[in-house]
Protein chains: 2
Amino acid sequence: MRLPLPKICAIILLKPLETWMFTTMRPTTKDLAKAAGVSLATVDRVLNGRAGVRQKTVEAVNDAIERLGFQRNQVAATLARQRGYRFAFALPRSGDEFLDEIIERIREFDTAGRAEMVEANVIRLDDHDPHKSARVLSRLTPDEIDGIAIMAPETPQIRDALLRMQERGIRTVPFVANQHSFGGGDFVGIDNRAAGSTAGRLLARFLGPVQGSIIVLTETTQSRDSLERRLGFDAVIHRNYPHLTTLPTLETHGDPGRAQHVLRNALQAHDDVVGLYFMGAEARIPIEVARVLNATNGRVTIAHERTPSTEHALRKGEIDAVIHQDPGHLVRSAVRILRAKCENRATLASQERIRTEILIAENL
Amino acid sequence: MRLPLPKICAIILLKPLETWMFTTMRPTTKDLAKAAGVSLATVDRVLNGRAGVRQKTVEAVNDAIERLGFQRNQVAATLARQRGYRFAFALPRSGDEFLDEIIERIREFDTAGRAEMVEANVIRLDDHDPHKSARVLSRLTPDEIDGIAIMAPETPQIRDALLRMQERGIRTVPFVANQHSFGGGDFVGIDNRAAGSTAGRLLARFLGPVQGSIIVLTETTQSRDSLERRLGFDAVIHRNYPHLTTLPTLETHGDPGRAQHVLRNALQAHDDVVGLYFMGAEARIPIEVARVLNATNGRVTIAHERTPSTEHALRKGEIDAVIHQDPGHLVRSAVRILRAKCENRATLASQERIRTEILIAENL
DNA sequence: TAAATTCTGAGGTACGCACCTCAAATGCGA
DNA sequence: TCGCATTTGAGGTGCGTACCTCAGAATTTA
């Protein structure tokens, strides 16, 4: 039997150097079987949760796993599966620039992941028809797909479809927006309340002692994200900066005309506007409209998500900071979580926390 | 022969949904051999760069690779290697809190990587004895180690040791600090000039219209990192904020006593200090000293690297922002780069760029 | 106690590639 | 054209696991 911890010291002659060593041999299922006093077949049954093993035997095997420090070799396991992992990202059909970035990262990941037998896919859901979306999700079978990251509104239909998918053995994880943490505390994305707080703090710090009011502009206040960001934003401003006033949230509904209208109105109604907060994921429209109205000039402006629009505006000094979440990290984290679920492994929470990044022109 | 692109459509009945499909079969070395009209042995020779193949044959195989879109199955390749990947991080013996964080992440990675047949190791180098360090590195053989990430001063000895390691077939990558980009443009770490600029911009923005001078404190000005950060910092301040003056860099040499001395002197010599920039990786000492001297109170202060010290100071409001690079990303990126080198693959530059993060209390 | 049921073992194949050996074919120069 | 070195082919083994079958052992039930 090969023990888990025989090591060779890489630099045995250099004792004074602190170094830990490389493991040479790791116990295999064969070692496990011998240690547990059962056959390979039984070990396989236990490891893969197949039926037909007495409780006592299961415990004997688990005991041996513990004793040997056995870890399944995922490389061999993946190869033996005869098929790679197939993950999908269910995203809304209507998208913004940030969504485009995410999709590009998924494509990149898919290309790179081939060699590791991991594939990533995008499914576009009709965001205005929860029934249809739910039907699409309900049609997926474990044959086609191992796991799915979902960005979809929290309707009862979707919720139900998710539950049924999980029952069929498809792993799920809520992704970036529009979803409760659901079915086990996993969630891929930033804490939007903290993101709002960050924006608020930064806006106030950049303003310094200047007094006045702040315009808050977003696509729609209906979304959970907007709500949370607004909460975090207001909390910081109200608690710490009484000389600043936050105006009611304005909505663009994704329409440049309307955006221009509401922004112009707000600027006319309040002659003391010193800051703007573009709260939604689609900052392109607010930025363009603000450019036309010359609204950010002399005011501090903060937007969300790095996209070509925000990047350009940041470089030109039209806006002052961008609160961001890295789409590459989002994608890779989702895949890691889904894969860990497939393999019944835990994930390192610290590694999977998506950072709320602050971008200014200098650290783009 | 199996083509690379036969697909099954996951949602064939849902045409209106945009979706790309899952690849079912990928060409194997066997397919490659058939397509190139050579044997498996020859394919193997070409793929693994073994000698004894006519140029014309090599081209035929490469041609077939191109035509089929062949990608080596890294899962199978890793399994067949009969041994996992062994990577090491050569780090200075004397460390700061940030180095501790990095080491912790290496440990985490090592634990998690076991299942993927990747091991990570730490080798501590004596930073005051380049000869000894070089000797340590020179002793490493490809049997023991596949690649190494190196944080060590750029002495001729080290440089030489690195070259010889590369000749022996050990992959290397400069890591975080003290190293030129060396041998191919890879470097794991942030752009320190940009980091300095970021710090400068942020400091100035937080200060607003306030006039005065800024104290810059670091461990030693000898290091390349300090130099670059200072350059970036000064560039931003001088170009954009003429009402601010940057004072000459003060050095702590890692000594709290000395730190307190130089800081107190500087504060006494200049009664207009409005900001502090703790430029080194070890902000603990400056923070503690500043606390004793009550130096940051009423002044804007920026430090580098998230550590228990900086995190605590940020939460307490003793400092205003931290410029950070994520140690987890550093470690994983180094491993990805080393592994890609081992497998003769390219890496996605966009994925490997380490972000210069800005942390404030709200986005910790 | 016999029969039915549940559990277990032994053995196999497969995944895609790395690495090995040895014989045969090919190309080359003289 | 021969002899030699170089190049190629055929075949093998092994990595650690998944997944399969079927016979026989152990246990439970009637």
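For the numbers below, each heavy atom of this structure counts, side chains included, while hydrogens, waters and symmetry mates do not. Throughout, a chain's letter reflects where its sequence line sits, starting with A, and its residues are numbered from 1.
- Across all strands shown, B:G84 has no heavy atoms under 4.0 Å from either base or sugar-phosphate atoms.
- Rounded to whole Å, atom P of C:dC17 lies 11 Å from atom CD of B:Q71.
- For A:A76, the listed nucleotide lying nearest its side chain is D:dG16; candidates were C:dG16, D:dG16, C:dA18.
- One interatomic measurement links the two molecules: CG of B:L32 to C1' of C:dA18, which rounds to 15 Å at whole-angstrom precision.
- One can place CG of B:L40 at 15 Å from P of D:dT13, the figure rounded to the nearest angstrom.
- Nucleic acid contact class of B:V75 (heavy atoms, under 4.0 Å, all strands): none.
- Taking atom CG of A:N73 as the reference point, atom P of D:dA18 lies 9 Å away to the nearest angstrom.
- Using modelled atom types, one finds no donor on one side chain facing an acceptor on the other under 3.5 Å when comparing B:N344 with B:R72.
- At whole-Å resolution of the value, NZ in A:K30 and C1' in C:dA10 are 13 Å apart.
- More than 12 heavy atoms of other residues, nucleotides or ligands lie within 6.0 Å of CZ in B:R168, so this atom counts as buried by the packing criterion.
- Between the CZ atom in A:R83 and the CG atom in A:D143 there is a gap of 6.5 Å [rounded to 0.5 Å].
- Rounded to a whole Å, the CG atom of A:L47 is 9 Å from the C1' atom of D:dT17.
- For the atom pair CG (A:L338) and CD (A:E343), the distance works out to 11.0 Å, reported to the nearest 0.5 Å.
- Between B:D186 and B:K341, at least one side-chain N (NZ, or NE/NH1/NH2) sits under 4.0 Å from a carboxylate O, which counts as a salt bridge.
- Side-chain nitrogen and oxygen atoms of B:S39 include none within less than 4.0 Å of the OP1 or OP2 phosphate oxygen of D:dA10.
- How far CE of B:M117 is from CD of B:Q82: 8.5 Å, rounded to the nearest 0.5 Å.
- Heavy-atom distances to DNA chain D give each of A:Q74 and B:K56 a nearest nucleotide, and the one nearer the 5′ end belongs to B:K56.
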Please tabulate the protein-to-nucleotide N/O contacts below 3.5 Å involving nucleotides 28-30 of chain C, giving atom names and distances.
none

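- Although no hydrogens or angles enter the test, the distance criterion places a donor-acceptor pair under 3.5 Å between the side chain of B:R26 and the main chain of B:Q71.
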Got a list of protein N/O to nucleotides 19-21 of chain C N/O distances below 3.5 Å?
residue: C:dC19; atom: OP2; partner: B:R50; partner atom: NH1; Å: 3.3
residue: C:dC19; atom: OP2; partner: B:R50; partner atom: NH2; Å: 3.3

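- If you measure from atom NZ of B:K34 to atom P of D:dA10, you get 12 Å, rounded to the nearest angstrom.
- Side chain of B:D110 to backbone of B:I106: no donor-acceptor contact under 3.5 angstrom is found.
- No hydrogens or angles considered: a donor-acceptor pair under 3.5 Å links the side chains of A:S333 and A:E352.
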Readout for nucleotides 23-30 of chain D: B = base within 4.0 Å of protein heavy atom, S = sugar-phosphate only, - = neither; 5' to 3' it is ----S---

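- Note that CD of A:E108 and CZ of A:R105 are 4.5 Å apart. Values are rounded to the nearest 0.5 Å.
- Between D:dG9 and B:T42, a contact under 4.0 Å exists linking OP1 or OP2 to a side-chain N or O.
- For A:M117 and C:dC17, the CE to P distance is 10 Å, given to the nearest whole Å.
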Residue pair A:N121, A:R86: steps toward the side-chain contact (heavy atoms from CB on, under 4.5 Å) verdict: CA-CA 8 Å; A:N121 203 328; A:R86 313 219 268 228; over 6 Å; no

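- By the 30° and 60° cut-offs, the orientation of the rings of A:H329 relative to B:H329 is tilted.
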